[in-house]
Each structure stands twice: as structure tokens, then as C-alpha cells.
Colleague: 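Questions regarding the structure given below will be posed in turn.
Letters A, B, ... mirror the listed sequences (proteins, then strands); counts begin at 1.
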There are 2 protein chains.
Amino acid sequence: MVTIADVARHAGVSSSTVSYVLSGKRAISEETKRRVESSVRELGYHPNAGARALAARRSHIIALMVPLRTDVYVPVMMEIAVSVTMAARRHGYDVLLITNDEGPDGVRRIGASGLADGVILMDIELEDERIPVLQSQGTQAALIGLPDDPGGLSCVDHDFAAAGALCADHLADLGHREIAFIGYGSGVYTRHAGYAERTLSGFGQRAAQRGLRYVHRPCDGTYESTAGTLARILADRPETTGFVVQNEGAIGPLLTLLRTSGRTVPEDASVIALCQAQLAEQFAPRLTSVTGSAQDLGRVAVEQIMRRIAAAGRGERPQDEQVLLTPVLTVRDSTGPVSAS
Amino acid sequence: MVTIADVARHAGVSSSTVSYVLSGKRAISEETKRRVESSVRELGYHPNAGARALAARRSHIIALMVPLRTDVYVPVMMEIAVSVTMAARRHGYDVLLITNDEGPDGVRRIGASGLADGVILMDIELEDERIPVLQSQGTQAALIGLPDDPGGLSCVDHDFAAAGALCADHLADLGHREIAFIGYGSGVYTRHAGYAERTLSGFGQRAAQRGLRYVHRPCDGTYESTAGTLARILADRPETTGFVVQNEGAIGPLLTLLRTSGRTVPEDASVIALCQAQLAEQFAPRLTSVTGSAQDLGRVAVEQIMRRIAAAGRGERPQDEQVLLTPVLTVRDSTGPVSAS
DNA sequence: GACATCTGTTTAAGCGCTTCGACACTTCGA
DNA sequence: TCGAAGTGTCGAAGCGCTTAAACAGATGTC
């Protein structure tokens, strides 16, 4: 194993000089810097992570706690995980993957052991048990998702209320008057997952402003549950012409069922999905969708936590930031003006 | 921050005694052990990860290198990542997430810095550039996927050849004689991804044994490409009654297109998918599928690497293991006997 | 009763790095 | 010309842990 002492000997300097070249924390002459850098390259030196963490009291690792649930669309989680990892690397950080089932103890473990300099939490509940732990330990954190009380924390999330409103506006603009909002399974609402509630209320408020009538129906996203949900909608509100779907799993079944029931999309029914562009393009017809960037979510969370770690390192109180990312409406082939019948 | 010295003082012993209680590497009296353990609990002590890694030359971290590609079904990757993380935790290990875009240098970095005690690699190509790095550094590794030459490495993968054969057998048993095999996009084959080639050849061999005629068509998994693929199949081989689909993205479009072309599943055409059970159940009709457990893949890889790390720690040469997991055929509603027409 | 053996504990070295303070040398301003 | 300030480098302490070696005391052996 190549150590900093090997590099120092090879370059004919002291090991502290090598350290300063690598960290840039002190001025070093061009000449010395060049010699050290070429020794580093020649010997293939990589600083020992443990020693560095111990001496600098900074591990250059952030932990990412991912949910185990499968009622959240999995590819989005993966996209976030990957974008977090890549953003972190750009700051010289690595990412430790923690699963949600470790719960508050997991957060405690990571903080107390100094394994990670900060934690990014996903699948935030409105009253999340992990948050008090964070605060009591002084562990730096960024949340992907908005808790009830974000005091003393940095958060980033999609602006779900705006996404809901965008759906209402688009359907209203096209002349629809009776809308069905097909949400997540009812478990998501009883758990008070913020994103589901905020989408719905954003949609509901704008719908009211625009004079739309709507029903909200939870839906598990299986074929059976979608069939049941749709049957009930069509029985209760046969005049329904607009569908907003938030549960990705329900999209395929819904399109199939609408076709089966003799409704053509978009002539007889408009469907707008709250999902990733990639997914929206996979259906026939390609779906009009409202999308937020999962990548940005990960990137912003990393930037927030980097700022917090840096501030804490300078002995300052980290700035709490709440960022909501504006969603985008992409009109494709599944929405159209309500037909004159 | 609570250190081992704090615990030692609190329990009235030396810090090495605390260390030995925690690691179990020396005999400690029941009485002392109890006192130390209660001090640990009372003070909320977690050993400092950096110090531990430095002193013991073991980080208790394994790195998991995940692909960025999206042509592999993403939820499967996530499931593997999660099962790796949970299996690692059971061994007192944490998981560091690395993206494939770091390539061989990433492997070098992790190994040389002692950040991780071992690496799990996914998305293995038949001649993978990362493998020579592993070998030259002596970094312990387990591969999820089979390289061309697995000498000196532990690997685990689905038995894709058996999966392909299972598909051929099932369709042959039902009396089908003309089969279309809808594979991954052609990029996957030119990249020589082992899983795609092995599935195809396992299918092909068994098909020949059972007297089946078949065509193999690569397919991107978009709606358009599936439409093109199917049109060509039906034009070239109008007698085709059996479909084997490996690309998850193509499943939905294929079902829709078959329906559109007036073919009922399973009466006129049987469809068998190589995909996760969860996905297979989402379609209508629910798909007969051949599935391997993604969870087992992750679990086995972790167990392999743990054995390797342990062996290397004892100064022994780690055992190379190659494990193929047997896939399972689940008959659902999308396959049936060929209809007498 | 002297010696070896076993059990349980402590002492102390050292893992590879960062960083504080010291130092030598140069440059500047008065 | 001298002290002050700035620049570039080094020496050494110390981060919190593990572990080899030493040691103290109990137990067994002849």
C-alpha cells in the first residue's frame, strides 16, 4: 500500500507538504506542487480513507437513506440515488446506501460513528421519527420531501401543488368539466405522505378556481384495483372526460380499460399522468404528463448538504433552505379538447 | 462525541477491555462484559468508523457498482441494491454506492484508498475492463453476472440458459411450433452482455431439441420499435403463435399491439415474459413468466464477498465460487394450448 | 512449595493522515 | 538598516481505535 510518506520520500519533501498540495490549504510553490503531483501519479497514491477521516474528522461520505416501499415508483428512486451519487462525486464525496428499515437508529448509528458527514433522507413522512434524532445529534441532513415542520433542516421536493394545478389548468383549458383524479393507494394517504396530499390539494384548489367538478379515487395500481376504481368513477360520474393519474402502476391498466369500455383517448377521454417523461412516452398514445426532474432532486439535495457541511466545518450555523422544483407540463397525444357530442 | 475511553472510564476498565468486549476476540468475564455493555448502551457509544478502519485495516464497507444504463430493467437493479444493503448489514457491513461511469478507475480508487473491503460489480461484460484492475490490486470482489473468464473471482447470476430453456419447454408442451423471441435492443447484443446471449442460446438449443421453429428479434422496448418488430414477425412468419419477451419495456406495447391486430391472448397467441413476478401480474391478462430472484442475487453476492474478506483476513487464498440461480416458471393467464383452427 | 498453565485485564505502540506552530528566507516600508 | 509582514516548508502532536505483549492472580501439577 502506498502511503503519504512514500509520496513524500519520492518527491523529496515532507509528508505535510504532500498533504497541503493535495488539500490546497496552504500556499505551495509551483515547482514543489508539480513534483508532488507527479509522484502521486507515478506511485498511484490514493489517501487512506480511514486515516483521513480520523485526522480531519470528516469522512467525505454522505449517507442516503432509501425507502423499501414499492408503492413509490422505483425507477425514480434509482434515478435519485444515481444523481445523488454523481453529484456527490463532483464534490469529492462518496455515498453510503442505508435502507429505511434501520429507521431512527440507523440515523443515530451513522451520526455517532462519524461514518458519514451528512445524511440525505427520502420518503419523508409529515411527522418523521428520524428528524428529532438528526436535530439532537446535530447531524447535517437534507430531506428529499417536505416534513410537517422543516425548522432547522434543508429540504427539496417537487412542487406537487403546482403539478396538481398544472393538471387542472390544462384540462380546464381544453374544456373539460368533469375530472377524475386517480391517486395512490389509500395507504399512502393514511401515512400522510406529503407529496400525495399536496398534489391533490393543489389540483383541488385550481380545479375549484376553474370551475371543474372532480372526484378523487385512491388506487393501488394493480389491474384489478384500477378496474374497480374506473368502474366506480364511470358509474358515479358518467360525464367524466378528464383523468389525472398519479399512480404510475395504474396508467397501463387505465388505458386498456378505457379502450375496452369503448372510449378512445384523446377523443372521448383525456388522460394526463403525473410521471416521468420516459414512462409517459412508452404508452400508446404517448401521454401528456406533468413531470419534475428526479435528477435535480438528487443534485439539489447534495448541494444543500455540501453547503451545510462546509458551514458547520467553518463553525457557522448552516443555512436552512427549502427548495421546491417547478414541474413541467408536456403535452403529448393523450389529451385533447372535449368533443362536441 | 463518545469515545471508547469514555466508555472505559464509565465502566471502570481499560479501553482495550472495551474493545475486546465489543469484538469478542478475547475472553472477558461475564461480570465485566455486562458492565461494559451497559455503559455502551447508557452512553450511546458507536465506535468511530474512521479510527476503526485505520487501526483494524478493515472498513466494514463494501462497494456496490451499479450501471447507469436504462436498458436494464431498473426496479431489478434497485431490488438488488436493497438486498445487498440489507444482507451486508446482517454482517455488520455498510454499502457504498458507486456508479459505473467511474469505470476501472473507480475500482482502483476504492481499492487503493481502503474505502471498502470489497466490491460487488453489476452489469458485467464478457470482457470487463474492471476485472484486471481487481486482480492486480488484490481487491476482493463478487460479480453479479458472468464474465468470459471468471478465473480468480466469485460470481453469481441467474441461470439464463435454463430460463430460456424453460420458455421453450413450456411453449412446446402447449403445442406451439412457431415462436418469436423478442429480445433486448441490438446494443445489448453488440455489447456482448452475457445474460442476453445466454438466454437466447438456452432458448435456441431447447427449441431445436423440441422441434420448434423460431426467430429472434432485438427490440428497444419503445412502442414504436415494438410495433416495427411485431409487424415484421407477423409478415415473415404469420403462423407464429408463441412469443417470448425478454425486454420488459416491450411487454405492454406487445400486448396492446396483439390486441389491435385482432389476436386474443392466450387464445390466438401465447406470451411468456422473462421478468419479475410483480411486473408480470400488472398486465391483463396476467403474464406467464420465468423469473429469477433478484434478492437472492444480492444476498449470494454479499455472502460470497464476506467469505472472501474473511479468508483474506486469515491470510488464506479466498475460494472462487460460481453460482447460478435456478429460475422458476410461473404459469399465469397469457399462455395456453395452441387453438385448433 | 516451586513451577507451569490458564484466565482476565492492562499497557503501549502504531495505523496514515491533518494541522498547528515553528522556522528560514524573502520582501517591504519607514 | 531594521523590524514587520509574507511565503514556503517542516516537525510533531494527535485523531480513536486495535492488538501484540506484558502482567497479575487463580488454579493445577508434581
Side-chain angles (χ1 to χ4, degrees), chain A residues 1-37 39-40 43-61 92 109 111-117 309 313-315, chain B residues 1-37 39-40 43-61 92 109 111-115 117 313-315:
Chain A
M1 185 190 228
V2 185
T3 72
I4 200 172
D6 298 328
V7 176
R9 206 170 311 122
H10 188 272
V13 295
S14 75
S15 60
S16 53
T17 302
V18 175
S19 178
Y20 286 125
V21 169
L22 261 33
S23 70
K25 292 192 178 173
R26 288 230 175 146
I28 298 287
S29 69
E30 270 309 314
E31 156 65 8
T32 307
K33 197 180 289 186
R34 231 190 337 272
R35 267 216 323 285
V36 168
E37 279 165 354
S39 295
V40 164
L43 301 178
Y45 170 69
H46 287 267
N48 180 285
R52 191 155 78 125
L54 179 58
R57 322 169 132 265
R58 182 146 308 172
S59 66
H60 291 268
I61 290 178
R109 181 173 72 86
S113 67
L115 228 189
D117 300 336
I309 291 170
R314 289 190 305 267
Chain B
M1 184 190 230
V2 185
T3 72
I4 201 172
D6 297 329
V7 176
R9 206 171 310 119
H10 188 272
V13 296
S14 76
S15 61
S16 53
T17 301
V18 176
S19 177
Y20 286 127
V21 168
L22 260 35
S23 70
K25 291 193 179 175
R26 290 241 171 139
I28 298 286
S29 69
E30 271 310 313
E31 156 65 8
T32 307
K33 196 181 289 187
R34 233 191 333 274
R35 268 217 323 285
V36 168
E37 279 165 353
S39 295
V40 164
L43 300 178
Y45 170 69
H46 288 267
N48 179 284
R52 191 154 78 125
L54 179 58
R57 321 168 134 265
R58 181 145 310 172
S59 67
H60 292 268
I61 289 178
R109 181 172 73 84
S113 67
L115 227 189
D117 300 335
R314 290 191 304 267

Colleague: For B:E31, what residues pass the side-chain hydrogen bond (donor to acceptor under 3.5 Å, both in side chains) criterion, not counting sequence neighbours?
Modeller: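 Expected list: B:R35.
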Colleague: Can you give me the first and the last nucleotide of DNA chain D (5' to 3') that has an atom within less than 4.0 angstrom of a non-hydrogen atom in chain B?
Modeller: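 Reading along DNA chain D, I get D:dG16 to D:dA22.
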Colleague: If you check every side-chain atom of B:I28, which of C:dT10, C:dG8, C:dT9 has the closest atom?
Modeller: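 Among the listed nucleotides, the one closest to the side chain of B:I28 is C:dT9.
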Colleague: Pick base, sugar-phosphate or nothing for A:S29, based on heavy-atom distances below 4.0 Å to the nucleic acid.
Modeller: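 The residue A:S29 makes sugar-phosphate contact but no base contact.
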Colleague: Identify all side-chain donor-acceptor contacts of residues 17-24 of chain A below 3.5 Å with residues at least two apart in sequence or on another chain.
Modeller:
unit_1	atom_1	unit_2	atom_2	d
A:T17	OG1	A:S14	OG	3.2
A:S23	OG	A:S19	O	3.2
A:S23	OG	A:K25	N	3.3

Colleague: Taking side-chain hydrogen bond (donor to acceptor under 3.5 Å, both in side chains) as the test, write out the residues that go with A:S39, two or more places apart.
Modeller: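 With neighbours one apart ignored, the set is A:H10.
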Colleague: What are the two closest heavy atoms between A:L115 and A:R109, and how far apart are they?
Modeller: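 Shortest heavy-atom contact: CD1-NH1, 4.3 Å.
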Colleague: Reading DNA chain C from 5' onward, which residue's closest nucleotide shows up sooner: B:L54 or B:T32?
Modeller: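 The answer here is B:T32.
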Colleague: Could you work out, with side-chain hydrogen bond (donor to acceptor under 3.5 Å, both in side chains) as the rule, every residue matching A:R9, not counting sequence neighbours?
Modeller: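 Here the qualifying residues are A:D6.
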Colleague: What's the separation between atom CD1 in B:I4 and atom CG in B:L43, rounded to the nearest 0.5 Å?
Modeller: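 The distance works out to 12.0 Å.
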Colleague: Which heavy atom in A:G50 sits nearest to a heavy atom in B:L54, and how many Å separate them?
Modeller: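 Of all heavy-atom pairs spanning A:G50 and B:L54, the closest is C-CB, 4.3 Å.
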Colleague: Suppose the criterion is side chain to side chain donor-acceptor pair (under 3.5 Å): which pairs have a residue in residues 43-60 of chain A, not counting sequence neighbours?
Modeller: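 As it turns out, the side chain to side chain donor-acceptor pair (under 3.5 Å) pairs with a partner in residues 43-60 of chain A, which skip direct neighbours, are A:S59-A:D117.
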Colleague: Treat primed atoms plus P, OP1 and OP2 as sugar-phosphate and everything else as base, then score nucleotides 17-24 of chain C 5' to 3': B for base contact with protein heavy atoms under 4.0 Å, S for sugar-phosphate contact only, - for none.
Modeller: BSBBBB--
Colleague: Not counting sequence neighbours, which residues clear side-chain hydrogen bond (donor to acceptor under 3.5 Å, both in side chains) with B:T32? List them please.
Modeller: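 Partners of B:T32 by the side-chain hydrogen bond (donor to acceptor under 3.5 Å, both in side chains) criterion, ordered by chain and then number, come out as B:S29.
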Colleague: Between the two end axes of the helix from C:dG1-D:dC30 to C:dA30-D:dT1, each built from 5 base pairs, what angle do you get to the nearest 10°?
Modeller: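 Comparing the axis at each end, I get an angle of 40°.
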